[in-house]
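The structure presented is a predicted model; accordingly, all values stated were derived computationally and were not measured.
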Amino acid sequence: MFLLGSALIMMVLGVAVPAYAGGPVGQLITLLMVGPLAVLGAMVLRVPHRMPSLFWTLVPTLTVTIIVALDLLTKDASVSGQIFLCLPVLYAAYELRVVPALVVLGEVVVAIVIIQVALVPPSHVMANIGTMTMTMIVIGLLLIRSREREARLVEGLAARERHMRALVAGSSDVITLCDSTGLVRYQSAAATTVFGLTTDGVVGRRVSDLAHPEDGHRLLSALVAARAVDEHAREPVVWQLRDTGRGRRYMETMISDRLDDPDVRALVLHTREITEHLSLQAQLSHRAFHDDLTGLPNRALLRDRMHQALARLMEGAPAGDARIGVLLVDLDGFKAVNDSLGPDDGDTLLVEIAERLTRLVRVGDTLARLGGDEFVLLLESIDGPDRSVRIAERILEEVSRPVLVGGRTVSVSASIGVTVGTSGTTRSDLLRDADLAMRAAKARGGGCVVSFEPGMRSGATRHDLRLELGEAITRGDLVLHYQPVVDLDTGTMGSAEALVRWNHPTRGLLPPAEFIPVAEESGLIADLGGWVLGEAVRQAVAWDAEGTSVNIAVNLSVRQLRTGLAAKVAEVLENVGLAPDRLVLELTESMLIDDTHDGLTELTELRRMGVHLAIDDFGTGYSSLAYLGRLPIDLVKIDRSFVAGLGTGNEYNALTKGILTLGEEFGLTVIAEGIEREDQLSTLRELGCRWGQGYLFAAPAPAAELIGYRASGFQLVSG
């Protein structure tokens, strides 16, 4: 536009001031020819920009010299008028910075003045000088405007660069730019804090040089994979930082391929330290599979070990050639001893018994604590039932030796049930048969070993319970109790968890632990779960009609995830008239681990509908904290075993704080379960936990008994 403007201005001046030879018509024709050529010249000049600047200085200079010579030889100053037509080209050259245009422009002005004085009549000199002056002013203004525009552009780019650098500098992640070979071209300032290295100490080195020698290849492999794998399918790479004198430190890096981006042309690495997260994960993993008191494997780990042992038995040995043994050890009269000594001394006794049993365990066998005063010993590769009985008798001897507890000598005995499994035996069979044998030992007065016999299987108890449960669902013997989730600062209720009870005609009100496993095994859990969901949603709507609103939480079974759960939930909500965001569905960690692939689609669809999802009993079975951020969940409920230990040692406080921090990072609401003491409540408040539930506030109760909580007002946990 500036070039066209220059050409038009020259044309007007040429017509208005007929000082140039050739007259206005000739001047106009010349201008119309040279003006477009000036614009075209500006475009052409962008192509040979690699030519030496001296070349572009000499060309205009020689042009001016030739024009001056023609003027002097022909005694005609009209040629010099055409020099003004070169000004748009000179201006274009100036814009493109390919010639020192101001120098050339000065040469043009001097030449024109000389020619005008020498050849043009005095009457026309002043007019021509005026024309030149006006033209030079216009060109000068255009140059000044160009400079101002250029300055604004440069300042804008500089401001954007400062903004981006400020964002990068303020990020807690380390941002690294490197080429395809891993050579670092740029390193953000966060490297000083995270890596303990200056940016100068990183730039120019290979990314793999930052890693521990064992992990350097992992980083390089990840760089190669970043180019071959779709961006949405890339996984972060975890690696150990080279020793910096601060102990073992672990990093997590996400790599983005921007080599084809003309503005970046690099692999972009976002790195953050996850040492504390991995430490928390290790602690949670250990706690998930080990007993808090004795440190022995718990029921979950025993179940896994039994599964592996049975698999090896099936694959490696013909039927009858190899066996595994299960010993169920139950202390006699431990409750009376615990009541007389107190719970602390009772725990000391259990720890001592666990240590004695551990000394009897062979390498490859597993000793686990099921809970309370029950222990299980899994024996692999035994030659027959007699071997299991001999070990059980040695256990009796060890257990019966007196124990010094709290300054008093205590003696206990044990009842031990023994069973042996061969190829084809199931885990449930082994535990059931060992339990039946242990109960037979109890019936004989305790302090003895009893081997399982097929006649011990009455089979009636569990079978009858299964039949009764099916009738109870249709007959209406099931009831729901509700336990409030409370704001720990205000004491008001935010939501209510629905808990099913069986009002058994002869055994009274049964808790879920006594009939849910039967429902799972028999396949009745889908019907039972559907009934619970419908009743809980209807209760929430009934509360709404009374003038209060509260989220309702319902526990799920893994079997329900495989039966089109999302569609069923949508149908119930629509029929009853409850908004999806008022419903919270709780799943255990083990469900997410064992069934994530099959159930993830259902969970994602539920989350899309607006239903909130929660992980129940968090910390008792999860194996990978990194997976937590990928699940469509909103809430995490800290397992009651963590809360029970608050105030008894720094370990429980640290683990609970770690879970709260983790929840905050993933944007999750965290609820503490099992709050029973004031000191637990105060500790949770200090740790920053807002929500909790437990007997300190209220035991699970029928809906009518929650009027007091509802009258105090509701605050939605996640609504």
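- In this structure, the side chain of Thr271 does not engage the main chain of Thr253 through any donor-acceptor pair within 3.5 Å.
- When all heavy atoms are compared, the tightest approach of Thr474 to Glu471 is OG1-O, 2.9 Å.
- No donor-acceptor pair closer than 3.5 Å links the side chain of Glu586 to the backbone N or O of Asp616.
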- Item | Test log, rule salt bridge (Lys or Arg N to Asp or Glu O under 4.0 Å), inputs Asp489 and Arg690 | CA-CA 7 Å; Asp489 293 327; Arg690 181 183 177 188; 5.4 Å; no
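- Side chains of Leu606 and Leu583 form no contact here, defined as non-hydrogen atoms less than 4.5 Å apart.
- Side chain of Lys637 to backbone of Ile671: no donor-acceptor contact under 3.5 angstrom is found.
- Between the side chains of Glu252 and His277, no donor-acceptor pair of N or O atoms lies under 3.5 Å.
- Residues Thr294 and Arg369 have side chains that never bring a donor and an acceptor to within less than 3.5 angstrom of each other.
- Using a 4.0 Å cut-off between charged side-chain N and carboxylate O, Arg607 and Asp634 make a salt bridge.
- Put simply, the side chain of Glu605 never gets that close to the backbone of Ala566: no donor and acceptor are under 3.5 Å apart.
- Residues Val326 and Met306 are in side-chain contact: their nearest non-hydrogen atoms beyond the backbone lie under 4.5 Å apart.
- A side-chain contact (heavy atoms from CB on, under 4.5 Å) with Gln693 is found for exactly one of Arg640, Glu673, Met493, namely Glu673.
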- Working for side-chain contact (heavy atoms from CB on, under 4.5 Å), residues Thr425 and Asp433: CA-CA 11 Å; Thr425 306; Asp433 294 347; 6.0 Å; no
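- Between Asp304 and Phe289 there is no side-chain heavy-atom pair separated by less than 4.5 Å.
- Counting heavy-atom neighbours within 6.0 Å of Glu676 CD, excluding the residue itself, gives a total above 12.
- Residues Ser495 and Val550 come closest through the heavy atom pair CA-CG2, 3.3 Å.
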- Query: Run the side-chain contact (heavy atoms from CB on, under 4.5 Å) check on Val479 and Leu509 step by step: do they pass?
  - Reply: CA-CA 9 Å; Val479 295; Leu509 198 63; 4.1 Å; yes
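- A 6.0 Å sphere centred on CZ of Arg299 holds no more than 12 heavy atoms belonging to other residues, nucleotides or ligands.
- Of all non-hydrogen atoms in Leu646 and Tyr652, the two that sit nearest each other are CD2-O, 3.8 Å.
- Contact annotation: the side chain of Asp581 approaches that of His612 to within less than 4.5 Å [non-hydrogen atoms, C-beta and beyond].
- A donor-acceptor pair under 3.5 Å links the side-chain atoms of Arg685 to the main chain of Leu488, judged by distance alone.
- Within a 6.0 Å sphere centred on CD of Gln308, other residues, nucleotides and ligands contribute more than 12 heavy atoms.
- Under the 3.5 Å distance criterion, the side-chain polar atoms of Ser279 are left unmatched by any main-chain donor or acceptor of Thr275.
- A cation-pi arrangement is present between Arg287 and Phe642, with the terminal nitrogen or guanidinium carbon under 6.0 Å from the aromatic centre and inside a 45° cone about the axis.
- Nearest heavy-atom pair, Pro700 versus Gln483, reported as atom, atom and distance to 0.1 Å: CD-NE2, 3.9 Å.
- Not a single donor-acceptor pair under 3.5 Å links the side chain of Asn551 to the backbone N or O of Ala553.
- Heavy atoms of other residues, nucleotides or ligands lying less than 6.0 angstrom from CZ of Arg677 number more than 12.
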- Message: Pair Trp691, Leu635 - check side-chain contact (heavy atoms from CB on, under 4.5 Å), show working.
- Response: CA-CA 11 Å; Trp691 298 99; Leu635 301 94; over 6 Å; no
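- The existence of a salt bridge linking Lys568 and Glu571 is excluded, since no basic side-chain nitrogen approaches an acidic carboxylate oxygen closer than 4.0 Å.
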- After noting the C-alpha distance and the side-chain angles of Thr656 and Thr683, does the key distance pass the side-chain contact (heavy atoms from CB on, under 4.5 Å) rule? CA-CA 10 Å; Thr656 302; Thr683 301; over 6 Å; no
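- Asp527 places no side-chain N or O within 3.5 Å of a backbone atom of Gly530 that could act as its donor or acceptor partner.
- Between Asn555 and Leu499, the closest side-chain pair of non-hydrogen atoms falls below 4.5 Å.
- Side chains of Arg538 and Glu535 form a contact here, defined as non-hydrogen atoms less than 4.5 Å apart.
- Of the possible donor and acceptor atoms, one in the side chain of Ser682 sits under 3.5 Å from a partner among the backbone N and O of Asp679.
- Heavy atoms only, all atoms of each residue included: Thr426 and Leu310 are closest at C-CD1, 3.8 Å.
- Of all the heavy atoms in Ala368 and Leu302, the pair that sits closest is CB-CB, 3.9 Å.
- Asp435 has no carboxylate O lying under 4.0 Å from a charged side-chain N of Arg432, or vice versa, which leaves the two without a salt bridge.
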